[in-house]
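First the structure, in the form of structure tokens, and then the observations on it.
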Amino acid sequence: MRKLAAGNWKMNGTAGSVVELQALIAAHPMPGCEMLICPPATLVQQMASVARGSALRIGGQDCHPKPSGAHTGDVSAPMLRDAGASHVIVGHSERRADHGETDALVRAKAEAALAAGLVAVVCIGETEGERDAGRTLAVVGSQLDGSLPAGATAANLVVAYEPVWAIGTGRTPTLAEIAEVHEFLRNRLQALIGAEARGVRLLYGGSVKPSNAAEIFAVPQVDGALVGGASLKAADFGAIVAALSA
Ligand code: 13P
């Protein structure tokens, strides 16, 4: 399977940020992995048009479960697709925390993504308290069970394991801890969707940066990364792309 370097810009970026995208495309015309940037919704259309014809894919950061309707402020999966997106992140821990998103809602969003022809990047991960209580596998297992869209395949699903306490903190689990969770998730996926599970990209996310990317990518069952802060600059994200392509 081709590995995936995915960047989540979160609530960062304005029209001027297109220069970072152009630099990334110029530096990695034929990367050895898939490259995805998920800018804020305001930039999806512009960035998709800049990326057209290149190896870079553009995604959204969230979508509503419905395709259209009276939902002020929301963006639907067909709208993202229409704007040129190929992927959408659903269930990021910041949305679960800031907007009270449940597994059931995340699943509905992921199903909306699939229905619109987008790849769903489903995020799961334990809090620090849950890890300290020894509940990591129980938590991520039940999040996976509850958030997985019906009809998931290797082609339309990516799962991102992002420990909440590792996001934006500079802290990461040990390599053995990442290996334990990814192995567990692969097996759980196998139980849920059978042989397709082998081809589903399992991303690690949480304080991935150029200096730790190579060692994280060497962990078995890690098929790429979902990168926050270090995806905002082409040089940093490019270094992560290079580590994944090696
Ligand atoms: P950081 O890479 O900034 O820790 O963020 C990770 C993340 O939340 C990506 O979705």
Side-chain angles (χ1 to χ4, degrees), residues 3-13 17 20-21 24 33-41 43-44 47 56-63 80 85-99 101 106 109-110 113 118-128 130-131 136 139-140 143-144 147 157-175 177-178 181-182 185 201-217 219 222-244:
K3 304 214 166 178
L4 173 62
N8 173 10
W9 279 16
K10 309 191 178 183
M11 198 170 70
N12 297 289
S17 315
E20 296 298 332
L21 217 67
L24 183 65
C33 64
E34 288 186 13
M35 281 193 307
L36 170 69
I37 292 285
C38 300
L43 293 178
V44 167
M47 295 208 164
L56 179 66
R57 300 282 162 270
I58 300 296
Q61 297 177 8
D62 177 50
C63 66
L80 289 169
S86 55
H87 294 62
V88 63
I89 298 169
V90 290
H92 191 281
S93 64
E94 287 151 15
R95 294 213 55 92
R96 290 177 186 263
D98 295 354
H99 301 273
E101 294 196 2
V106 174
K109 290 180 172 203
L118 298 173
V119 177
V121 181
V122 175
C123 301
I124 56 178
E126 83 286 1
T127 63
E128 185 158 34
E130 289 164 343
R131 177 163 282 275
T136 297
V139 167
V140 298
Q143 287 177 330
L144 185 66
S147 309
L157 176 73
V158 173
V159 174
Y161 167 56
E162 300 203 300
V164 176
W165 53 273
I167 293 175
T169 59
R171 298 164 58 208
T172 56
T174 65
L175 300 178
E177 287 167 341
I178 296 174
V181 174
H182 278 241
L185 291 175
R201 263 77 60 86
L202 288 182
L203 309 185
Y204 168 78
S207 297
V208 175
K209 46 190 187 250
S211 59
N212 64 13
E215 62 179 23
I216 291 173
F217 295 152
V219 173
V222 172
D223 308 314
L226 183 54
V227 184
S231 71
L232 294 171
K233 292 276 167 236
D236 290 343
F237 192 65
I240 292 167
V241 167
L244 199 51

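All ligand and atom numbering here is 1-based and tracks the order in the structure.
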*Sidechain-backbone polar pair: R96 side chain, E101 backbone, donor-acceptor under 3.5 Å*: no
- Query: Is there a donor-acceptor contact under 3.5 Å from the side chain of D62 to the main chain of H92?
  - Reply: no
| field | Backbone N/O of V140 and side chain of E126: donor-acceptor pair under 3.5 Å | value | no
shortest atom 5 (O) of ligand 1-to-protein heavy-atom contact is with K10 NZ, 3.3 Å
Open item on the list: For a 4.5 angstrom cut-off between non-hydrogen side-chain atoms, does V241 reach C33?
Closed with: yes
If we only count N/O pairs under 3.5 Å, is E94 in contact with ligand 1?
no
Between the main-chain N or O of G125 and the side-chain N or O of Q143, is there a donor-acceptor pair closer than 3.5 Å?
yes
If we number the atoms of ligand 1 from 1 as shown, the ones under 4.0 Å from a heavy atom of S207 are 1 (P), 2 (O), 4 (O)
Ligand 1 to G229, heavy atom cutoff 4.0 Å, flagged ligand atoms 1 (P), 2 (O), 3 (O)
Requested in this report: Indicate yes or no: does an N/O atom of A230 lie under 3.5 Å from an N/O atom of ligand 1?
Outcome: no
Nearest non-hydrogen protein atom to atom 2 (O) of ligand 1, with distance, is G228 N, 2.8 Å
The answer for which part of K209 has a heavy atom under 4.0 Å from ligand 1 is neither
Review point. Would you say the side-chain atoms of S231 pair up with the backbone N or O of F237, donor to acceptor, closer than 3.5 Å?
Key: no
### Task
Could you tell me whether a side-chain N or O of Y161 sits under 3.5 Å from a main-chain N or O of P163, the two making a donor and an acceptor?
no
Can you see whether E130 engages T127 through a side-chain donor-acceptor pair at a distance of less than 3.5 angstrom? yes
For L226, the ligand 1 atoms with a heavy-atom partner under 4.0 Å come out as 9 (C), 10 (O)
In ligand 1, the atoms that come under 4.0 Å of a heavy atom of G206 are 4 (O), 6 (C)
Per-atom filter on ligand 1: closer than 4.0 angstrom to a heavy atom of E162 are 6 (C), 7 (C), 8 (O), 9 (C), 10 (O)
The answer for which part of N8 has a heavy atom under 4.0 Å from ligand 1 is side chain
